[in-house]
Amino acid sequence: MSLTLYNTLTRQKSLFTPLEENKVSIYCCGVTVYDYCHLGHARSYIAWDTVRRYLEWRGYHVTYIQNFTDIDDKILKRAREEKSTMDAVSEKYIAAYLEDMDRLNIRRADDYPRATHTIDGIKRLIHELETKGVAYASQGDVYYSVRSKSDYGKLSGRKFEDLEAGASGRVDEEDSKKRDPFDFALWKAAKADEPFWESSWGKGRPGWHIECSAMVRDRLGDSIDIHCGGGDLTFPHHENEIAQSEAATGKQLATYWLHNGMVNVGGVKMSKSLGNFTTIRDLLDKGKIEPMAMRFFVLGAQYRKPIDFTEEAMTAATNGWHTLQDALQFGAIGAAKLGWALNGNDQDALDREAIESFTSAMDDDFNTASALAVLFELAKGINREANQLRHQGTIDADSQTLFKSWNTLKQLAAVLGLETDDKAEAAALSLNPEAIEDLIAQRSSAKAAKDFAKADQIRKDLKEQGIVLVDQPGGTTLWHHES
RNA sequence: AUCCAGGUAGCCAAGUGGUAAGGCGAUGGUCUGCAAAACCAUUCAUCAUGAGUUCGAUUCUCAUCCUGGAUUCCA
């Protein structure tokens, strides 16, 4: 089996071959920190987190770098609005970003470089481009000369004629400083009351695209394996990154370019500028959806496809996740009633067929939707046995076989970042079984005396503590933890 | 307008040159004093439209229509 992925650069799926055997370097375009993250950001970073987890599970040693853009017009605007400073605004939203992503079980990057911490690298890169004659200074600004690069447009599939068609009628205030309207800024002269850095071109700050080129080089080198980000960054951002980096180094910037599809609302892209966004913390804090259900929602479609955000979809995702969650939490029940030893290191007890199906789904450009079907197959078997155990006190399957299914499910779900809260599980299991049995006995007496009000009250009380009672034929009552 | 991606059951969503995974929902059933939950079963697809290639296409090619993204900050 071999991993194949869709490369925006070549417009087709191709075999994944890292530059260095068993090692993968990933650079992911991060957020501009001037506001809280919305579902669109969640989708993107859940997708890349899953890619990273899968590659590691596949045996690669992954280095994952993601930047924060902390110098930008919108941050400055926000700072003025909040009567704050650029730094304070950045810090606030970086902290918020990390909080949100932690809740979605998105693992922290190996490093989070920031534009403002990479000024030297940025200036050095611009100087190199100037020396090579592909960049020029103009009234305190520095521009990249797009036409100096013969393969400009190779990532987005654009030709200059296409660009001209789209640019017609648009007049940029910077145009007077540019030699060509398609040239873009590497360095911008400082405006009054804005933060700036000293440079040989005068006081100023970096343009948007250059920071990523500099940070990739600084942290990962001239060439990396995977560069990823939202599909809306393909042009001009990633196109320009390629232009700058490759002009400077003469080497290919990234072998694979991966782009995730957008989250739509009512058929239109969710975006801050349109104002049709719902923040992650709003969804999570208001109990509209659980973190893992949000993750499940995102994983329900292949990462390149657009997905629609609707109330209905949130409900469906929640219900779907609960089905998997039930099966995942069966481990605790298995330990309590079937004597399973959960030491978290059961590499041998795995369902090979399921592992293979899962791997072949994920090997095909990270097809999480298809991979989830494998999880549901496993969950189905587990939940059926769980039902037997709850209702009859026994299971049909062999305990070891069942353990194998559960163990496989647990591992594969973790590869997708779908994990249950073990602490809550443990807390629930710590309730005293004797006390529960005692209450069940009281309820049985009440039922025998036709005092159904009392019987229902006992059942209700237990329910509030997470204990569900199931009456059996013949008068016995089994109980289990709510999952 | 140009470039890119896509149009699969009530909804979401995989996939394949030989008539199509999975999830959600719905319906019925098991169980029960009544429930709830869970489990079991079942239901619905001329795979956007037209043409072409082929023994055969939903899957390949072309055209058309529709949707989204990009061309301006954007995950």
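All heavy atoms count here, side chains included; hydrogens, waters and symmetry mates do not. Chain identifiers are assigned alphabetically (A, B, ...) following the order of the sequence lines, protein sequences preceding nucleic acid strands; residue numbering begins at 1 within each chain.
In this structure the side chain of A:Leu416 reaches within 4.5 angstrom of the side chain of A:Met362, judged on heavy atoms. Looking at heavy atoms from C-beta onward, A:His238 lies out of side-chain contact with A:Cys212 at the 4.5 angstrom threshold. In this structure, A:Trp406 and A:Trp340 have side chains that are in contact, with non-hydrogen atoms separated by less than 4.5 Å.
A:Ile333 places its CD1 atom 11 Å from the C1' atom of B:A38, with the value rounded to the nearest Å. Atom NE2 in A:His322 sits roughly 16 Å away from atom C1' in B:A36 (whole-Å rounding). Rounded to an integer number of Å, the gap from A:Tyr303 OH to B:A13 P is 17 Å. For the pair A:Phe330 CZ and B:C39 P, the computed distance is 12 Å after rounding to whole Å. In this entry the distance linking NZ of A:Lys13 with C1' of B:A5 reads 13 Å, nearest Å. Atom CG of A:Asn367 and atom C1' of B:U16 are 13 Å apart (whole Å). Going from atom CG of A:Leu155 over to atom C1' of B:U71 covers 14 Å, rounded to whole Å.
With RNA chain B read from its 5' end, the first of the two nearest nucleotides for A:Ala455 and A:Gly381 is the one closest to A:Ala455. For the pair A:Phe297 and A:Asp72, both in contact range of RNA chain B, the more 5′-proximal nearest nucleotide belongs to A:Phe297.
For A:Asp232, counting side-chain heavy atoms from C-beta on, the closest listed nucleotide (B:A75, B:A38, B:C34) is B:A75. Counting only heavy atoms from C-beta on, A:Tyr6 has its side chain closest to B:A5 among B:G33, B:C3, B:A5. When the nucleotides B:A14, B:A70, B:A5 are ranked by their closest atom to the side chain of A:Ser370, B:A14 comes out on top.
Atom CD1 of residue A:Ile333 and atom CD1 of residue A:Ile395 lie 12.0 Å apart, to the nearest 0.5 angstrom. One distance of note links CG of A:Leu5 with OH of A:Tyr303; it measures 6.5 Å at 0.5 Å rounding.
Ionic pairing of A:Asp73 and A:Lys77 is not present here: no N-O contact between side-chain nitrogen and carboxylate oxygen is shorter than 4.0 angstrom. Using a cut-off of 4.0 Å between Lys/Arg side-chain N and Asp/Glu carboxylate O, A:Arg384 and A:Asp396 are scored as not salt-bridged. Salt-bridge annotation for A:Asp193 and A:Lys191: absent, with no side-chain N of the basic residue lying under 4.0 Å from a carboxylate O of the acidic one. Salt bridge status for A:Arg103 with A:Glu99: absent, with no side-chain N to carboxylate O gap under 4.0 Å.
Residue A:Ser273 is in base contact, counting any heavy-atom pair closer than 4.0 Å across all strands shown. A:His38 comes within 4.0 angstrom of a base, heavy atoms only. Residue-level contact check: A:Asp451 touches neither bases nor backbone, having no heavy atom under 4.0 Å from any strand. Within 4.0 Å (heavy atoms only), A:Ser156 reaches sugar-phosphate atoms of the nucleic acid but no base atom. As judged by a 4.0 angstrom heavy-atom cut-off over every strand, A:Arg158 is placed among the base-contacting residues. Residue contacts shown for A:Gly231 are absent, as no nucleic acid heavy atom lies under 4.0 Å away. Residue-level contact check: A:Gly261 touches the bases, meaning some heavy atom is under 4.0 Å from a base atom.
Remark: A:Arg390 is not in phosphate contact with B:C39, judged by side-chain N or O atoms under 4.0 Å from OP1 or OP2. Checking the phosphate oxygens (OP1, OP2) of B:A14, a side-chain nitrogen or oxygen of A:Lys305 falls inside 4.0 Å. Residue A:Lys269 places at least one side-chain N or O closer than 4.0 Å to OP1 or OP2 of B:A70. Taking side-chain N and O atoms only, A:Asn383 has no distance below 4.0 Å to OP1 or OP2 of B:A38.
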5'-to-3' dot-bracket of RNA chain B (Watson-Crick, G-U; under 3.5 angstrom; crossing pairs as [ ]; | other strand) = (((((((..(((.........))).(((((.......))))).....(((((.......))))))))))))....
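Taking a centre distance below 5.5 Å and an interplanar angle below 30 degrees as the stacking criterion, A:Tyr45 does not stack against the six-membered base ring of B:A75.
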For nucleotides 22-30 of chain B, tabulate all protein N/O to nucleotide N/O atom pairs closer than 3.5 Å, reporting atom names and distance.
from	atom 1	to	atom 2	distance (Å)
B:C24	OP1	A:Thr323	OG1	2.8
B:C24	O3'	A:Asn319	ND2	3.4
B:G25	OP1	A:Asn319	ND2	3.1

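A donor-acceptor contact under 3.5 Å links the side chain of A:Arg459 to the base of B:C34.
Counting only N and O atoms by type, the side chains of A:Ser44 and A:Asn260 include a donor and acceptor under 3.5 Å apart.
Taking the ring centroids of A:Tyr34 and A:Tyr93, they lie at or beyond the 6.0 Å cut-off.
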